[in-house]
Structure formats: C-alpha cells, structure tokens
2 protein chains.
Amino acid sequence: MRNAAETRDKLLETATGLIWQSNYSSVGVNEICKQAGVTKGAFYHHFESKADLYIAASRHYWESMKRDLDAIYSPSFTPLEQLENLIQLIIHKQINECSSKDMEVAGCPFFTSGGQAGIDEEKIRLAAREMEDHMQRYSVALVRNLKAEGALKGNPDIDQVARFLHHFVQGLLVYGRLMNSLNAVRADLREGLYRLLDLKEAYRTEGSEVPVSSPADAA
Amino acid sequence: MRNAAETRDKLLETATGLIWQSNYSSVGVNEICKQAGVTKGAFYHHFESKADLYIAASRHYWESMKRDLDAIYSPSFTPLEQLENLIQLIIHKQINECSSKDMEVAGCPFFTSGGQAGIDEEKIRLAAREMEDHMQRYSVALVRNLKAEGALKGNPDIDQVARFLHHFVQGLLVYGRLMNSLNAVRADLREGLYRLLDLKEAYRTEGSEVPVSSPADAA
DNA sequence: GAGATAGCATACCGATCGGTATCTTCAAGC
DNA sequence: GCTTGAAGATACCGATCGGTATGCTATCTC
C-alpha cells in the first residue's frame, strides 16, 4: 500500500550491500533498517527473521546474477567469446558492487558467508548451496561448449572442470579482497582459468587487464 | 604464576577451535572464556582486546602450520613427493581440525575471516595477509622445485603459479565446507593442482582419495 | 616476614543484539 | 461512509556484546 514491494526491495538491496562490505553475522538488523530508511516494524512485517531476509536477499541477488549470466552465455556468442565475457563480468561485477564502498574487491558475499556459517546456521549454508548449484549449471554449459568447439585438450570431465573454475574464482576473489586489490584479481584470473580448462594455446589471448594503477598496489 | 603460559595457550587454542567452527565476528569473548575454563579477568590480563587475541591466535596457529610445512617440504623429499605430501597434508589438516566438531571440512579460518573482515577491522585482514605471505613463500618453493625438476610444461611464472595453487585450495575448501563433504575436496584437489601446475603427464598419479563413504555424500 | 607484582576472579558498564507487542495510518472493497 | 487488513511506526524485551574497575591471592624478591 505504502508501496510494500519497494520497501521490501530496499531492504533486500541494502542488506546485500552491507553484507558485501562485511558479512552476515556482523551486520545487524538495526543497521539494515537505518540505512534502508525503514523502521524495525516494517522489517519484521516483511521478513520473519534475519536469516529469512538473508535467504530472500540471496535469491534476489541471484535474479540479477542470472540476467548477467544469460547475457554473457547467449548462444549468439562463440564459446570463446563466452569465456571472455565471463572474465570481463567477474571484473566488472567487483567494480560495480564496490564503487562507493572504498574497497576494490568484495568477492561473492553469499558464498563466503555460507562457507563461514556455523553448524547451527543451516539456513545460511543452504542459501549458498542453492546459488552454488545455479552457478554450476552455467559453468558446466560453458565448459561443454568449449569442449564441443574442440578448444580443450584431452577429454576432460566437464562437471569437474566447471567446479575447478568455481573454486579458483572464489579463492581468487577472497585473495583479492584480502589484498584489497582488483589488479591482483586481474593478474591471475585469465591465466588461471586457461590452465584449469587446459585451453589449447591457439585459443588463448593475452588480455589487457594488467595495468590500471591503483592506490592499493603501492604495497 | 598460576601457570600463565598455559592459560594463554588454552585461550589461543580454544579461540582457534571456535573460529574454525564459525568465524571471528560470531565468536564471543565470553564463549571463548567459558570453553577455555578461564575467567574474563584472565582473558583481558593476557590480551588487550578480542582482535588482539585473534592476531595472537593466528600467529600461534601459523607456528604449528610452519612445522608441518617444513616437514613436508623437507629437502629429503623429491619435488614430486613434496607435492604429494602437500595434497595429503591438506586433507589431513581438515580431518584433524574437524574431528569432534561434527563437520567434515572447515577451511582455513584465518583466511576466510580475513577475507570477510569489514573495512574497519584492518587488524584482522593484516593477520590474514601475514599468513598468506608466509604460505606463499612455501608455495613458491614447491613450484620452483618442480620446475627445476623439469616436471612442468613451458616456462611458467613460478610466483603466479604458486598463487594459483593458493587460490584454488582456498576456494576448494570453502566449497568443501559448504557441502560439508571432505570427499568433495578429495575429488577435485589433485586434478586441480595438476592442471594449475601444468604438470607433465608422466609425473601425474591417480591418487586414491576417491572413495571413503560419508553421510554427507548421500546428496 | 614484609612488600610488590603477576595472575586471576567477580561484578558491573553502556551499547547493541535479534525479536515482539502494541499502536497508528492508509488504501482497497463493498 | 464504513469496515477490514496490510503497511508501518514506537517502544520495549531479555540476552549478549566487548570491555573495565576493583579486589583477592599466590608467588617472587629482598
């Protein structure tokens, strides 16, 4: 009535933003409400608990992620263009999400929060596994396309290779966040993916993600 | 006097254990004290803050980690044996740390906590970077040895490849924790490392880390 | 044996935590 | 115009948060 959908979305997006900056357990309900310009009464009208909001935020985030993935994996692209799109998407996601948060890399908060959830917080873990599951499908599709194209050496297990890509990207993003350096991500992303895919040399490119000066790289 | 060193160690190890189970921000000082059988007075006698304890725990943990790494990277091993040792160590670390915690995989809590630390918690991040830095040295040594042995294809950048290994292992462990399945880690660890190293086929082995039934793998 | 001090215990602080109960307000349905 | 219920606001809950102030006590020094 007072535009409930808008209030709900504001809460979801504010929560997502705050969780990007830190993590699930250190973001408070009060903080979310305050930043969203919403009272606690409204919060608990829309969500029955903090964990409930988290799950909803996770799904809400996936919706936008899915749109991006559908775009970059469009059949109008060759498998190699899809791979290139993925590399660019990973970088740009970080740039977009981190702008105006005075950090360079955030990683995917729903994975890492899920990975850090205690044994009692089963719901949080399940939300991460759900997203993991969705992502894996897209990853497998990419690897399958590359294999069909004859771009990969040998006869790889496409499900396994898809998991490899995921593991590596997640680990790299945590590293990038630790170092607070997007260039650290740029420096390793392409080559690491190539190696995990075992992409034939003829299909590899150098990329141009090396320079781009940044304050964080003074160290 | 009432054995201060022992009290301190108990606090460090209890804290480490609890952080393995969840993460920095959701482990409370009271909880640590209670489980360590120590009062809050004692806690703040030994550490000036929770963050201070965390850093000390991180360094304390590194000490034991360093002993393990020195052992597996002993010059008495060939580079390939060192690699094999690393694979076994990663698995066994998880088994040891997770026993009696009703979980199968925990990952390295100091990395992930560091990676999830908010911008304000600079100390936490620095502790993780410190450990990262130490680990990288060992990783580089391994890759250098493998390269000198002629076990790697091409002419790789050993620092970069060492980082690759780190990224992959961290990502894989987060995944394993999410899935709560050590077998998920076993299934991908060896092959992923081989690919990132671009290890010559002649030097690869199958390993025997596939079976080992587990309740978590029913899914 | 008389300080002096490290080691620790107890009690408490204000702030914040996630969550609830109760109230008002506004818009839709009839 | 009246009713009804969703949407939201306010105030409060007990529990816990990280941290502190103060005091006791065992051991060491002299």
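- Under 4.0 Å is where a charged nitrogen must lie from a carboxylate oxygen, and between B:R129 and B:D133 no such pair does.
- Within 6.0 Å of NZ on A:K34 lie no more than 12 heavy atoms contributed by other residues, nucleotides or ligands.
- Under the rule for a side chain to side chain contact (heavy atoms under 4.5 Å, CB included), the partners of B:I90 that lie at least two apart in sequence or sit in another chain are B:L86, B:V169, B:L173, B:L189.
- Residues of residues 6-20 of chain B having a heavy atom closer than 4.0 Å to DNA chain D: none are found.
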Report, one pair per line, the protein and nucleotides 12-17 of chain C atoms (nitrogen or oxygen only) whose separation is under 3.5 Å.
unit_1	atom_1	unit_2	atom_2	d
C:dC17	OP2	A:N30	ND2	3.3

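- Between the C1' atom of D:dG8 and the NE2 atom of A:H46 lies a distance of 8 Å, rounded to the nearest Å.
- Nucleotide C:dG19 holds its C1' atom 13 Å from the CG atom of A:D52, rounded to whole Å.
- Of the candidates D:dA9, D:dA7, C:dA9, D:dA7 carries the atom nearest the A:A4 side chain, counting heavy atoms from C-beta on.
- Considering only side-chain N and O atoms, B:H45 lies nowhere under 4.0 angstrom from the phosphate OP1 or OP2 of C:dC8.
- Annotation: cation-pi geometry satisfied between A:K50 and A:Y24 (NZ/CZ under 6.0 angstrom from ring centroid, within 45° of ring axis).
- Checking side-chain atoms of B:T14 against main-chain N and O of B:L11 turns up no donor-acceptor pair under 3.5 Å.
- For the OP1/OP2 pair of C:dT20 and a distance below 4.0 Å, the side-chain nitrogens and oxygens of A:Y44 include no atom meeting the criterion.
- Rounded to an integer number of Å, the gap from CD of B:E121 to P of D:dG18 is 11 Å.
- With sequence neighbours excluded, no residue satisfies side chain to side chain donor-acceptor pair (under 3.5 Å) with B:E97.
- Listed by first and then second residue, the salt bridge (charged side-chain N to carboxylate O under 4.0 Å, His left out) pairs involving residues 158-184 of chain B are A:D188-B:R163 (not counting sequence neighbours).
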Could you tabulate the donor-acceptor pairs under 3.5 Å formed by side-chain atoms of residues 35-43 of chain A, not counting sequence neighbours?
unit_1	atom_1	unit_2	atom_2	d
A:K40	NZ	A:N30	OD1	3.3

